[in-house]
Amino acid sequence: EDQVTQSPEALRLQEGESSSLNCSYTVSGLRGLFWYRQDPGKGPEFLFTLYSAGEEKEKERLKATLTKKESFLHITAPKPEDSATYLCAVTPFSGGYNKLIFGAGTRLAVHP
Amino acid sequence: GAVVSQHPSWVICKSGTSVKIECRSLDFQATTMFWYRQFPKQSLMLMATSNEGSKATYEQGVEKDKFLINHASLTLSTLTVTSAHPEDSSFYICSADVITRTGFSTEAFFGQGTRLTVV
């Protein structure tokens with residue numbers, strides 16, 4: 001069964017304190033792995049797509065990496081505005097549609 | 001990026017009534033749209049895949065007679081929650097894919113979500 005597990009469930013950081021969020025996945029063939037940011041009461045906002053092990057992508061203070069079993073979202077010197085829930089999702093090759101299987105997310109709180 | 005507009009952003013309805021939620025792709029055509037449901041502090045769960053001009057494909061455990069999906073045009077999909085009950089209260093989110101020439105979605109764009117409360 002295709003599955004995505006994110007850890008930690010919640011993370012509290014001081015402003016400037018770098019850390020990493022983990023996304024472990026079990027999938028019958030990975031078509032793509034996605035990272036999204038979700039603010040309370042809003043829909044997810046796209047951050048990155050990774051396709052193959054070894055791939056890395058960066059955007060401002062965020063950097064996403066991918067291995068064959070997991071992905072990491074590194075947050076460097078976070079600011080309070082980075083506080084949000086970060087969602088990881090995968091699209092497997094199985095099935096006829098490009099549907100996303102989401103993890104439960106990591107709730108990040110960055111305090112001044 | 002592409003814009004997906006969802007309406008309404010919140011709705012309160014009485015138990016037993018029906019509620020329609022609209023999802024529009026504003027600046028691109030979406031042959032496929034997806035409907036998700038999200039409970040507090042939980043992840044998005046795919047309910048159904050909406051295909052323009054054909055019947056929706058529902059995920060296991062989702063009642064197709066309760067959650068009616070219509071994808072009448074390349075820019076509009078609707079989700080109607082029929083005979084709503086308090087347990088249907090949730091956050092409903094739609095998404096639309098940008099499909100490349102190879103048929104693979106490089107990213108999905110999400111609407112802002114609809115908070116449904118059934119009283």
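Hydrogens, waters and symmetry mates play no part in the numbers below; they use all other heavy atoms, side chains included. Each chain gets a letter, A, B and so on, in the order the sequences are listed, and its residues count up from 1. These numbers were taken from a predicted model, which means no experiment stands behind them.
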Where does B/Gln6 contact chain A at under 4.5 Å (heavy atoms): side chain, backbone, both or neither? neither
Please flag which part of B/Leu44 lies under 4.5 Å from any non-hydrogen atom of chain A: side chain, backbone, both or neither. both
Of the backbone (N, CA, C, O) and the side chain (C-beta and beyond), which part of A/Gln38 lies under 4.5 Å from a heavy atom of chain B, both, or neither? side chain
Angle class for the A/Tyr36/A/Phe34 ring planes (parallel below 30°, perpendicular above 60°, tilted otherwise)? parallel
Interatomic distance, B/Asp27 atom CG to B/Phe109 atom CZ [nearest 0.5 angstrom]: 8.5 Å
Output the distance between atom CG (B/Leu76) and atom CE (B/Met33), rounded to the nearest 0.5 Å. 7.0 Å
Assert yes or no for the condition that the ring centre distance of B/Phe110 to A/Phe46 is strictly below 6.0 Å. no
